[in-house]
Novice: 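Once you've had a glance at the structure underneath, I'll fire off some questions.
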Amino acid sequence: MKFHKKLITWYLQNKRSMPWRETTDPYRIWLSEIMLQQTRVAQGLPYYLSFTKTFPTVFDLANAKEDEVLKLWQGLGYYSRARNLHATAKYVAHELGGVFPDNYKDLLKLKGVGDYTASAIASICYNEVVPVVDGNVYRVLSRYFGVKTPINSTAGIKEFKELAVTLIDHKDPANYNQAIMEFGALQCKPKKPYCIVCPINEGCEALKTGKVDELPVKLKKQKIKKRYFNYLVFSINNNKTIIQQRTGNGIWKGLYEFPLIEDEKLSIETIKTNSIFKNLLVNKDFEIVPYYEEPLVHKLSHQHLYTRFYIIKLPEVSEINGVQKTVDFQEVHKYPVPILLGNFIDEFFK
DNA sequence: AATACGGGGTT
DNA sequence: AACCCAGTATT
């Protein structure tokens, strides 16, 4: 039996039930694919449900405010996905009359849609014969064919894509693509894959040569950067605080946060001399009290954020700069924030 | 060709 | 602590 036939047979017997597998509506497939980029099914699933409920059509998503989209995306991470999602929804709704592109080449032009996602939508929705190459596919192919080229090198990306093109089932590209991904997720797992009961173990080069746990090969991990965030949580008249939106191109772009003093370290002294207090025009005497005994360490895949929340009680604030806004305690939870702040807000403003 | 971009699960 | 996840955009 052919490679693709074995995978599809395995898939039809073992596939998990998922809501986006009940449709070929390109809006819903697109939504699910964007959400699942670098994201586990279990983590993305509740977001898919809330998005399809809140925004049943691409027009509903297009007509939403960006803050509303980001709020619903809160906690999923990689927030540029949400901003690109919204931009693409507006483009499809307003420029394309609500009709998604129906082929790989045109799908690829959409913001937030790269090679993988364009292939996934084109194959699942339109049966176009274009192979997906995601993390699962890299693993399955590198093991089965014993390919040692690093999967995150330019040569590797090209080589695996070319290999994938030769393997895809021309009769059923939709099920083939989902089959090899599901197979990688459930059977040919990163650690302790089920080689004994594997339906394609006979032809597997890695199993034959005892190199299953050495494949795929991946180039060096980036080193983790440490950063120090001092957040100023104002309590004005015990009912208002100050927030601001993150602009610029770094982490959490578009989300809101308390006034932030990033420093080489966490220190209450450097805070007191910060310029924000000049803008507040307050009486000089106020206390700055750390909320937690110890700093929080928020661990992201590429940086560790050593974070401190400082509570600053003020009677009244005459003036703040244009970027910052005062909001009622009850309103704080309505803004999209990083999960790090979301957890604090749930506790402090409850 | 490298790097940045989140948060959470698994080992 | 290291690795990975239905990757993409930017540098």
Side-chain angles (χ1 to χ4, degrees), chain A residues 11 15-16 18 20-21 29-48 70 73-85 87-88 107-124 131-140 150-158 160-161 164 174 176-186 188-193 213-225 227 246 248-255 297-305 336-343:
Chain A
Y11 175 65
K15 67 175 180 179
R16 293 167 289 182
M18 299 177 191
W20 49 85
R21 287 188 170 153
I29 297 301
W30 163 73
L31 206 48
S32 72
E33 293 299 345
I34 300 296
M35 285 179 170
L36 293 176
Q37 289 167 3
Q38 292 291 286
T39 304
R40 288 165 197 281
V41 167
Q43 190 184 3
L45 179 56
Y47 289 84
Y48 176 84
L70 284 170
W73 196 272
Q74 181 177 312
L76 238 203
Y78 286 162
Y79 297 93
S80 67
R81 290 185 295 171
R83 299 195 310 274
N84 287 332
L85 184 83
T88 292
L107 285 163
L108 202 49
K109 296 173 185 167
L110 302 176
K111 279 187 184 177
V113 175
D115 185 273
Y116 162 79
T117 304
S119 301
I121 299 172
S123 61
I124 293 171
V132 295
V133 184
D134 74 334
N136 295 305
V137 175
Y138 281 123
R139 188 168 52 255
V140 172
I151 60 173
N152 55 345
S153 65
T154 303
I157 293 168
K158 184 166 177 284
F160 281 98
K161 175 79 173 187
Y176 170 79
N177 275 340
Q178 296 186 80
I180 190 168
M181 289 191 286
E182 191 81 333
F183 181 77
L186 300 182
C188 195
K189 301 183 299 173
K191 304 288 182 188
K192 297 183 181 181
D213 54 357
E214 296 172 29
L215 292 169
V217 175
K218 199 170 181 179
L219 257 31
K220 63 179 182 291
K221 72 266 184 199
Q222 79 271 31
K223 60 182 277 194
I224 293 171
K225 193 182 306 178
R227 300 176 69 179
R246 285 185 72 91
N249 260 335
I251 190 175
W252 299 333
K253 182 180 180 184
L255 302 191
V297 186
H298 187 61
K299 293 180 177 179
L300 305 175
S301 45
H302 49 293
Q303 47 190 311
H304 288 182
L305 308 179
V337 298
I339 205 67
L340 167 67
L341 275 73
N343 293 336

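Just so we're clear, the structure is a prediction, and the values are computed from it rather than from any experiment. Chain naming here is simple, since letters A, B, ... match the order of the sequence lines and numbering starts at 1 in each. Worth knowing before you read on, the calculation uses all heavy atoms, side chains too, and leaves out hydrogens, waters and symmetry mates.
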Novice: Compare every heavy atom of A:W73 with every heavy atom of A:Y78, then report the nearest pair and how far apart it is.
Specialist: O-NE1, 3.9 Å
Novice: Are A:W252 and B:dG7 close enough that a side-chain N or O sits under 4.0 Å from OP1 or OP2?
Specialist: yes
Novice: Below the 4.0 Å mark, does B:dG6 have OP1 or OP2 next to a side-chain nitrogen or oxygen of A:H298?
Specialist: no
Novice: Between C:dT11 and B:dG6, how many Å separate the two P atoms, rounded to a whole number?
Specialist: 14 Å
Novice: If we take the P atom in both C:dA6 and B:dA4, what is their distance in whole Å?
Specialist: 24 Å
Novice: Need one value for A:G44: base, sugar-phosphate or nothing, where a base atom within 4.0 Å counts as base even if backbone is also close, heavy atoms only.
Specialist: nothing
Novice: Would you please name every residue forming a side chain to side chain contact (heavy atoms under 4.5 Å, CB included) with A:A42, sequence neighbours left out?
Specialist: none
Novice: A:K253 NZ to C:dT10 C1': how many Å, rounded?
Specialist: 11 Å
Novice: Touch check for A:I34, heavy atoms < 4.0 angstrom, all strands: base, sugar-phosphate only, or nothing?
Specialist: nothing
Novice: Can you list the residues that meet the salt bridge (charged side-chain N to carboxylate O under 4.0 Å, His left out) rule with A:K189, with sequence neighbours excluded?
Specialist: none
Novice: Measure CD1/A:I251 against C1'/B:dG7 and give the value in whole Å, please.
Specialist: 10 Å
Novice: Measure the distance from CD on A:Q303 to P on B:dA4 and round it to the nearest whole Å.
Specialist: 9 Å
Novice: Provide, to the nearest angstrom, the distance between the NE2 atom belonging to A:H302 and the P atom belonging to C:dA2.
Specialist: 16 Å
Novice: What is the distance, rounded to the nearest whole Å, between atom CG of A:L255 and atom P of B:dC5?
Specialist: 13 Å
Novice: Between A:F160 and A:Y138, how do the two ring planes meet: parallel, tilted or perpendicular, split at 30° and 60°?
Specialist: perpendicular
Novice: Using atom OH of A:Y47 as one end and atom C1' of B:dG8 as the other, report the distance to the nearest whole Å.
Specialist: 10 Å
Novice: Provide, to the nearest angstrom, the distance between the NZ atom belonging to A:K225 and the P atom belonging to B:dT3.
Specialist: 11 Å
Novice: Closest-nucleotide mapping onto DNA chain B: is A:A155 or A:G77 further toward the 5' terminus? I mean the 5' end.
Specialist: A:A155
Novice: Report the residues that fulfil salt bridge (charged side-chain N to carboxylate O under 4.0 Å, His left out) with A:K109, sequence neighbours left out, ordered by chain and then residue number.
Specialist: A:D106
Novice: Got a sec, which pairs hit side chain to side chain donor-acceptor pair (under 3.5 Å) with one end in residues 30-40 of chain A, sequence neighbours left out?
Specialist: A:E33-A:Y116, A:Q37-A:T117, A:T39-A:R81
Novice: Taking salt bridge (charged side-chain N to carboxylate O under 4.0 Å, His left out) as the cut-off, I'd like each qualifying pair that reaches into residues 113-124 of chain A, sequence neighbours left out, listed once.
Specialist: A:D115-A:K161
Novice: Touch check for A:K192, heavy atoms < 4.0 angstrom, all strands: base, sugar-phosphate only, or nothing?
Specialist: nothing
Novice: Rounded to the nearest angstrom, tell me the gap between atom CG in A:N152 and atom C1' in B:dT3.
Specialist: 12 Å
Novice: Spell out protein contact along nucleotides 4-9 of chain C as letters: B when the base is contacted, S when just the sugar-phosphate is, - when no protein heavy atom is under 4.0 Å; keep the 5' to 3' order.
Specialist: BBBBSS
